[in-house]
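See below for the structure under consideration.
Order of appearance sets the numbers: ligands from 1, and atoms from 1 within every ligand. Numbering of residues begins at 1 and proceeds along the displayed sequence.
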Amino acid sequence: MGRDILIGFVGKPSSGKSTMLNALTDATAKTGNFTFTTIEPNRAIGYAQVNCACSRFGLVDQCRPIYGGCKNGKRSIPIQLLDVAGLIPGAHTGKGLGNKFLDDLRHANALVHVVDVSGTTDAEGKACRGYDPSVDIEWLYNEMTAWIGTNLKEKWPNTRRRHIASKANPVHTLQSQFSGYGSNPTITAKVLDSLHLNAPLESWDEATLDRIVGRFVDIKFPTVIALNKIDHPDSDANISKIARREDPNRLVLASAVSEVFLRRLAKQGFVNYEEGSEFVDTIEEFPDSGLKPLSESLRTKITDIQDMVLFRHGSTGVCNVLARAIELLDLVPVYPVKNIHNFSNNPNDGVFKDCVLVKQGTTAGQVAQIVIGGEAMSIIGMNGNVGESDPIIAGKNDILSFKLRKDT
Ligand SMILES: Nc1nc2c(ncn2[C@@H]2O[C@H](COP(=O)(O)OP(=O)(O)OP(=O)(O)O)[C@@H](O)[C@H]2O)c(=O)[nH]1
Ligand SMILES: [Mg+2]
């Protein structure tokens, strides 16, 4: 996975995808309370927070990342984000903006399904009251499987014929159909292994193909469900309903609009606010802070956000969205360094300049491919030589020095 992790934001129109992208990136994607505000996908760089190795060694003050940043041992690692057009039920058959959005997402490593949990937009994103957002979670998943399943089944007679004629193995045949969705042979093999199918490919029926596609979507597109608009008073009942049904590891509560608002006020000098924090400092509490005085309406808006979001949920939740995606993808940070003794690349240059996220179980040799683009002459960890096939273990052999020649 390495340096090019891509997270796609999906959901029906007006669920808050573009607002969330803006909240995570300080980007300025167009947002609006009308459907299909976004047509062409917006790309931006967001930052996932992980605990940095610098805090393990008491080197917080010396940590100098080249990409992203590190504050008090919390490291922000850049990740590509893609916000696509809204999707409505029937998109796989061309409804709404059709399946173009799915094409845009094929290379995503994980998805964030932004759900309007306030129930104030219907299945197509139009304003309403009392809509049950729990059904959105299911139909979005069904759209994904229907899109891939329809394509697979359409071509199946030919695929099957070719499979028999060429005596290919099932992984190879299925991979030829899944490669267009960004799959690779490892993912395709994992899908088949996990299903323990006994029947040979030539006798797979429609139900078997459906099971394969369902498992493929689960494995290829791990999905965080971001329950957005928790600032709205109607959200509580819907959150409880969804929380009873869904895997809690996939759920994050968020108010994207609150995060955008607080960041804007901080930029304009009205408040002190750190992303993901519970606290908003104003001049009223800190008269010597140099902050600008607030108008009555701004003061009321801040109080509302504190009451409905920050005090109740601990933060706007937006930062947790990417952190959760990293967890679902089972990614761990690895720190390539030149000097394994002082963790630095050059003297006086700070420590832990570089950091890449790799899948748990990735070997040191595979990390060398990502970092130096080839094989290392030797790989040194904190306890001496590390074998090419040794897996990365977070907190144990996650700091590595790659030697290109014997004498370096
Ligand atoms: N109350 C509330 N409103 C929000 C929140 N996030 C977004 N909105 C509002 O929801 C509306 C739609 O937001 P967008 O970000 O444009 O939604 P989208 O999902 O990108 O919509 P499309 O591009 O049409 O698919 C806007 O009026 C936002 O201000 C939130 O956390 N709380
Ligand atoms: Mg949008």
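Residue contacts with ligand 1 for Asp231 involve side-chain atoms from C-beta outward but no N, CA, C or O (heavy atoms, distance under 4.0 Å). Under 4.0 angstrom from ligand 1, there are no non-hydrogen atoms of His232.
In the vicinity of Gly86, heavy-atom distances shorter than 4.0 Å reach the ligand 1 atoms 25 (O). With ligand atoms numbered from 1 in the order given, ligand 1 contributes 2 (C), 4 (C), 5 (C), 6 (N), 29 (O), 30 (C), 31 (O), 32 (N) to contacts under 4.0 Å with heavy atoms of Val257. The ligand atoms of ligand 1 that sit less than 4.0 angstrom from a heavy atom of Thr19 are 6 (N), 7 (C), 13 (O), 14 (P), 15 (O), 28 (C).
The distance criterion of under 3.5 Å between nitrogen or oxygen atoms is met by Ala256 with respect to ligand 1. Here's the thing with Ser18: one of its N/O atoms is less than 3.5 angstrom from an N/O atom of ligand 1. In terms of polar-atom proximity, Ser258 is not counted as a contact of ligand 1, lacking any N or O under 3.5 Å from an N or O of the ligand. The N/O atoms of Gly16, backbone and side chain alike, include one that comes under 3.5 Å of an N/O atom in ligand 1.
A salt bridge is absent between Asp116 and Lys12: the closest approach of a Lys/Arg side-chain nitrogen to an acidic carboxylate oxygen does not fall below 4.0 angstrom. Ion pairing between Arg324 and Glu327 holds under the 4.0 Å rule for side-chain N and carboxylate O.
The shell of residues lying under 4.0 angstrom from ligand 1, judged by heavy atoms, includes Ser14.
For CG of Asn158, the number of neighbouring non-hydrogen atoms (other residues, nucleotides, ligands) closer than 6.0 Å is greater than 12. No more than 12 heavy atoms of other residues, nucleotides or ligands sit less than 6.0 Å from atom NZ of Lys396.
Counting only heavy atoms from C-beta outward, the side chains of Asp398 and Val332 never approach each other to under 4.5 Å. Counting heavy atoms from C-beta outward, Leu192 and Ile212 have side chains that approach closer than 4.5 Å.
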message = ring pair (Phe, Tyr, Trp, His ring centres under 6.0 Å), that's the test. Do Phe343 and Tyr335 meet it? Break it down for me.
response = CA-CA 9 Å; Phe343 313 127; Tyr335 304 85; 9.1 Å; no
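The residue from Asp236, Asp231, Asp307 that alone fulfils the salt bridge (charged side-chain N to carboxylate O under 4.0 Å, His left out) condition with Arg312 is Asp236.
With a cut-off of 2.8 Å, the Mg ion (ligand 2) has an N, O or S atom of Ser18 in range.
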